[in-house]
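Worth knowing before you read on, the calculation uses all heavy atoms, side chains too, and leaves out hydrogens, waters and symmetry mates. Numbers for residues simply follow the sequence, beginning at 1.
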Amino acid sequence: MGKSLKILSRIQKFNIDEQRKKLSEKMDEEAQVIENIKQLDAKYEEEKRFATQNPGVGDFGLFTKRYLKIRRGEEEHLRRVKAEIEAIRDKISEMFKEQKTFEIVDEHREAVERYENEQKEQKMLDEIGTNAYIKQHGDNT
C-alpha cells in the first residue's frame, strides 16, 4: 500500500503541474485580452480626436458602432477567461487537498510501521534478556 500511495502522490504532483501550466497560459491570455482592450480604447480615442478635428471626413458613428461591438466581444472573452482561471484555481486547490491527504495517510502508515517494528524489536530484546537471565540463574540452582 505504501508504494501505491507514493505512486498516487507522484501522479498527483504531475497533474498539479499540468494544471499550473494551464493556469499560466490562461493568465497570459487574460493579459493579452486586457492589452487588446487598451489598444482598442486608445485607437477609439485617436479616431475621436481625428473626427473632432476633421468634421465631415469619415463616418465616426459607424466607427463607434464597430468599436462597441468589438469591445463587447473582448469584454466577453475576458469574462470567459477569468471564469476559466477561477475554475483552474479551484481545481488546483482541490488537487492540493488530495495531495495532502495522500501525504498524511502515508506518514500515518509509516508511523504505524515504525511502531510495529519497535514493538517487535522490544519483544525480541525482552526474550533475549529473559533467556540470559534464565541461563545465568538456571546454572546456579
Charged N to carboxylate O under 4.0 angstrom, [X] versus [Y]?
X	Y	value
E94	K91	no
E75	R71	yes
K6	E110	yes

_Residues Q122 and D126: side-chain donor-acceptor under 3.5 angstrom_ =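 Judged by distance alone, the side chains do pair up.
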inquiry  = Quiz question: by atom type and distance under 3.5 Å, do the side chains of S9 and Q99 form a donor-acceptor pair?
reply    =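 Yes, a side-chain donor-acceptor pair sits under 3.5 Å.
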- Query: Looking at residues at least two apart in the chain, or sitting in another chain, which of them share a salt bridge (charged side-chain N to carboxylate O under 4.0 Å, His left out) with E113?
  - Reply: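 Once residues adjacent in sequence are excluded, the partners of E113 under the salt bridge (charged side-chain N to carboxylate O under 4.0 Å, His left out) criterion are R109.
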*Residues which pass salt bridge (charged side-chain N to carboxylate O under 4.0 Å, His left out) with E47, listed by chain and number, not counting sequence neighbours*: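 Applying salt bridge (charged side-chain N to carboxylate O under 4.0 Å, His left out) to E47 gives K43.
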Which residues share a ring pair (Phe, Tyr, Trp, His ring centres under 6.0 Å) with Y115, sequence neighbours left out: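 Testing Y115 for ring pair (Phe, Tyr, Trp, His ring centres under 6.0 Å), a comparison that skips the adjacent residues, returns none.
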- Where Q12 and M95 come nearest, the two heavy atoms and their spacing: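 Q12 and M95 have their closest heavy atoms at NE2-O, 3.1 Å.
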**Study point:** Distance, nearest 0.5 Å, that separates CD of E29 from CG of N36
**Key:**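 Reported to 0.5 Å precision, the distance equals 10.0 Å.
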How does the hydrophobic cluster around [X] look, that is, which other residues are in it when side-chain heavy atoms under 4.5 Å mark a link?
X	answer
L62	none
I34	V33, I37, L78
F63	L40, Y44, F60, Y67, L68, I70

message: Taking side chain to side chain contact (heavy atoms under 4.5 Å, CB included) as the definition, give me every residue that meets it alongside E45, ordered by chain and number, with sequence neighbours left out.
response: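 Side chain to side chain contact (heavy atoms under 4.5 Å, CB included) list for E45, sorted by chain: K48, R49.
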Under the rule for side-chain hydrogen bond (donor to acceptor under 3.5 Å, both in side chains), what residues qualify as partners of [X], not counting sequence neighbours?
X	result
R79	E76
D59	none
K21	E18
E116	none

Residue pairs passing the ring pair (Phe, Tyr, Trp, His ring centres under 6.0 Å) test where at least one lies in residues 74-104, sequence neighbours excluded =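 Listed by first then second residue: nothing to list.
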